[in-house]
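All values reported here derive from a predicted model rather than from experimental measurement. Atoms considered below: every heavy atom in the structure, side chains included; atoms not considered: hydrogens, waters and symmetry mates.
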Amino acid sequence: MSLDLDQLSELLAGIARSQTAVIDAVERANPGWRNTHAIPLLTIAANMRSADARLLDLPSRILLRSQGRVALDTAQIRVELERALNAEPSEISDPS
């Protein structure tokens with residue numbers, strides 16, 4: 001089985017939606033938890049200091065984006081996936 005980028009972007013959006021539901025549940029039990037604890041840690045996990053997202057950073061960036069008021073756009077997730085998958089490695093070590 002293989003996934004194309006559209007399916008992968010929808011899968012990542014769905015995972016972010018379910019994680020957002022958990023964050024919302026904790027926020028209801030402990031008001032202020034999202035802004036005090038969740039958002040700062042998501043910012044670190046998403047490596048927001050780097051302008052270009054690595055593939056490793058994308059799930060956290062998608063979840064962080066889902067915490068805002070703007071709905072997730074699978075087309076934008078696809079663009080970010082393409083950018084991360086087609087990025088040239090910054091350092092290539094030559095074993096020879």
Side-chain angles (χ1 to χ4, degrees):
M1 180 177 87
S2 63
L3 294 173
D4 65 9
L5 288 181
D6 289 327
Q7 292 169 326
L8 184 57
S9 64
E10 288 181 24
L11 180 64
L12 288 171
I15 292 169
R17 183 177 290 164
S18 65
Q19 291 172 329
T20 298
V22 172
I23 290 172
D24 288 344
V26 174
E27 176 68 19
R28 284 184 185 175
N30 298 313
W33 180 83
R34 178 191 323 255
N35 292 329
T36 305
H37 300 287
I39 300 297
L41 289 175
L42 278 174
T43 303
I44 293 168
N47 193 21
M48 294 305 289
R49 286 192 237 168
S50 174
D52 296 325
R54 300 173 299 173
L55 194 56
L56 178 68
D57 303 330
L58 280 180
S60 298
R61 286 184 180 213
I62 294 168
L63 180 57
L64 188 60
R65 191 179 315 146
S66 72
Q67 298 306 302
R69 295 182 182 190
V70 179
L72 281 176
D73 181 18
T74 56
Q76 183 62 33
I77 294 172
R78 181 190 167 97
V79 169
E80 293 295 327
L81 277 169
E82 287 174 346
R83 188 176 301 142
L85 291 171
N86 294 328
E88 294 292 323
S90 58
E91 294 180 19
I92 300 175
S93 59
D94 189 12
S96 56

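Atoms CZ and CD1, on Arg28 and Ile23 in that order, are 13.5 Å from each other to the nearest 0.5 Å. Here the CG atom belonging to Asp57 is positioned 4.5 Å from the CG atom belonging to Asn47, to the nearest 0.5 angstrom. Interatomic distance, Leu81 CG to Leu55 CG, rounded to the nearest 0.5 Å: 7.0 Å.
Contact check for Leu8 versus Ile77: no side-chain heavy atoms found under the 4.5 Å cut-off. The shortest side-chain heavy-atom distance between Arg61 and Leu64 does not fall under the 4.5 Å cut-off.
Between the side chain of Glu10 and the backbone N or O of Gln7 there is no donor-acceptor pair closer than 3.5 Å. Listed for the Glu80 side chain is no donor-acceptor partner under 3.5 Å among the backbone atoms of Ala53.
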Only distances under 3.5 Å count here; give the side-chain donor-acceptor pairs of residues 11-21 to other protein atoms, sequence neighbours excluded, each with its distance to 0.1 Å.
unit_1	atom_1	unit_2	atom_2	d
Ser18	OG	Ile15	O	2.8
Thr20	OG1	Ala16	O	2.8
Thr20	OG1	Ser66	OG	2.8
Thr20	OG1	Gln67	NE2	3.2

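Using a 4.5 Å cut-off between side-chain heavy atoms of Ile, Leu, Val, Met, Phe, Trp and Tyr, with links allowed through other members, Val79 and Leu5 fall into different hydrophobic clusters. Side-chain heavy atoms closer than 4.5 Å link hydrophobic residues (I, L, V, M, F, W, Y) into clusters, and following such links, possibly through other members, connects Trp33 to Ile39. Under the 4.5 Å side-chain heavy-atom criterion for ILVMFWY residues, no single connected hydrophobic cluster contains both Leu41 and Met48.
Every residue was checked against the salt bridge (Lys or Arg N to Asp or Glu O under 4.0 Å) condition with Asp73, not counting sequence neighbours, and none meets it.
Salt-bridge annotation for Asp6 and Arg78: present, with a side-chain N of the basic residue lying under 4.0 Å from a carboxylate O of the acidic one.
Nearest heavy atoms, Glu27 versus Arg34: OE1-N, 2.7 Å.
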